[in-house]
Number of protein chains: 2
Amino acid sequence: MLTIATANVNGIRAAFKRGMGGWLDDRKPDVLLLQEVRAPDALLADFFPAGWHLAHSEAEAKGRAGVGIASRLPMSAIRIGLGQGVPTNTGRWVEADLELPEGGALTVVSAYLHSGTVGTPSMDEKYAFLDLVSARLAELTAGGGRVVVGGDLNIAHAAVDIKNWKGNLKAAGFLPAERAYLDRWFGAGWRDLGRELGGDGPGPYTWWSWRGKAFDNDSGWRIDYQLATAALADAARTATVDRAPAYDQRWSDHAPLVVEYDL
Amino acid sequence: MLTIATANVNGIRAAFKRGMGGWLDDRKPDVLLLQEVRAPDALLADFFPAGWHLAHSEAEAKGRAGVGIASRLPMSAIRIGLGQGVPTNTGRWVEADLELPEGGALTVVSAYLHSGTVGTPSMDEKYAFLDLVSARLAELTAGGGRVVVGGDLNIAHAAVDIKNWKGNLKAAGFLPAERAYLDRWFGAGWRDLGRELGGDGPGPYTWWSWRGKAFDNDSGWRIDYQLATAALADAARTATVDRAPAYDQRWSDHAPLVVEYDL
DNA sequence: CTTTTTAAG
DNA sequence: CTTAGAAAG
């Protein structure tokens, strides 16, 4: 059984200070897809010493974004960024080809999409990046191989994926135009393992604002995903969001999404 | 007995979080001269509710400098800043005239001089401000009244006022030109109560860097003072720096200088 | 309400 | 090494 976890850590230093290390020791994922690392390369390596293989896309803007892949399996290739010419060093996309124990390959991707704010340029950047992701997803399915794209997409797909969906119909992260991207990806064969193996909902959510009692009230959003190609999806056995009460310690505003694959 | 304390709090919010409130309850000064308040007016007032009279000079630059006077005695006048035309709102000088219980008046000043860095414009600003202070001190002595100027002058007067004096002969805070200002003020009759009542030294120091083990090694500087006019100085009975072991909790990089006056 | 960075000390 | 503010989430 191969365990792949995705987690927006909201600053890996803060996360470890708040107890991420305990979760890691307990869960022991084989592959960890990280978003919002918010640290330089050398610093990330400190948290994953001997035994881990690392891929990391640091953002040019210090302390912002940053995606990483920590893997117990060796990496045969690493690809950083999406698109060309246009800002590729934004710390939002990193891929690694892994060598499975029984032989064969698995491509894992850690993705971090823009949060976006309606009426600001960040929304245009989000859509532009979504277009790049769409193009790359098409390439990744074309080969027919095993691929998982995990990360914080900063979009809730449907009403069951967000507690206060009525109040957020005009909010970034639940706009019809954003959700349509997910519709298209799923229509093209990408499988939403968190939903398929997580029940019909509402929930489980993966993100809660730090403000007020959002977490205690489970007033959250499901914006973290593991999207798998057909070749991989059928091997998925369980999908779990590691939040309270099973995992009580809150070391990020997101909770990890952990999927077990029969590989 | 009237107790006047001066303290560079290095951010009043952080100081209270670290235990300044306990010190205040224990020491119960009648007058508290504050430097580096680093907070807006309204916020300072929150820490000194009913029973306190407040004077406050907030710096224009938010979160920087800021001097205040908190007094159990009523204030008959408040004067903010030094000089005119030139930046007067730098949060470095505030005066209050207090009404003594037995009748009579006492002028108290809270002063915060620039730290300064050799070879930078901040050094010129420090000297320019020192000139303004010299002029104001002359005015304050002219009346022959009781005046105390307390605060962080960011200058150690003599070798006994700094642990590593040899290593700091070319460092801001111990430059001959800076120390000459203190010489002139003392020559003009201002009395250095911390030294007069604190023994011959070396020490006691009032500031230690946060870095390394400066505090544990008592590798400090005496840069906080209570300077009194002749009319007031003879009433001073004790001068104490509230640092470990008597006061163990460190809630600022400075320790308070507390003087008891027989008034 | 939290993150890392910044400038200042 | 710490403070508070800044920008971003």
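Letters go in sequence order (proteins before strands), and every chain restarts at 1.
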In terms of side-chain heavy atoms of Ser115(B), which of dA7(D), dG9(C), dT3(C) is nearest?
dG9(C)
Glu36(A) has its side chain closest, among dT6(C), dG9(D), dT2(C), to dG9(D)
Per Lys62(A) side chain, nearest of listed nucleotides dT4(C), dG9(C), dT6(C):
dT6(C)
Nucleotide nearest Trp210(A) when distance is taken to its side chain, options dA8(D), dT3(D), dT2(C):
dT2(C)
For the residue pair Phe16(B) and Phe47(B), categorise the inter-ring angle as parallel (less than 30°), tilted (30 to 60°) or perpendicular (more than 60°).
parallel
Starting at atom CD of Glu58(A), determine the distance to atom P of dT4(C), rounded to an integer number of angstrom.
14 Å
For His254(A) and dT2(C), give me the distance from atom NE2 to atom P, rounded to whole Å.
15 Å
Per Arg38(A) side chain, nearest of listed nucleotides dT3(C), dA7(D), dA4(D):
dT3(C)
Thr90(A) side chain to Ala59(A) backbone, donor-acceptor under 3.5 Å:
no
Name the nucleic acid region contacted by Tyr112(A), choosing base, sugar-phosphate or nothing; use a 4.0 angstrom heavy-atom cut-off, strictly under.
sugar-phosphate
Please classify the nucleic acid contact of Arg250(A) as base, sugar-phosphate, or nothing, using heavy-atom distances under 4.0 Å.
nothing
Partner of Arg243(B) by side-chain hydrogen bond (donor to acceptor under 3.5 Å, both in side chains), out of Thr206(B), Asp218(B), Asp248(B):
Asp218(B)
Can you identify which nucleotide, out of dT2(C), dG9(C), dA7(C), has its nearest atom closest to the Arg211(B) side chain?
dG9(C)
Whether Asp152(A) and Arg92(A) form a salt bridge (side-chain N of Lys/Arg under 4.0 Å from carboxylate O of Asp/Glu) is what I want to check.
no
Would you please confirm or rule out a distance under 4.0 Å between OP1 or OP2 of dT2(D) and any side-chain N or O of Arg13(B)?
no
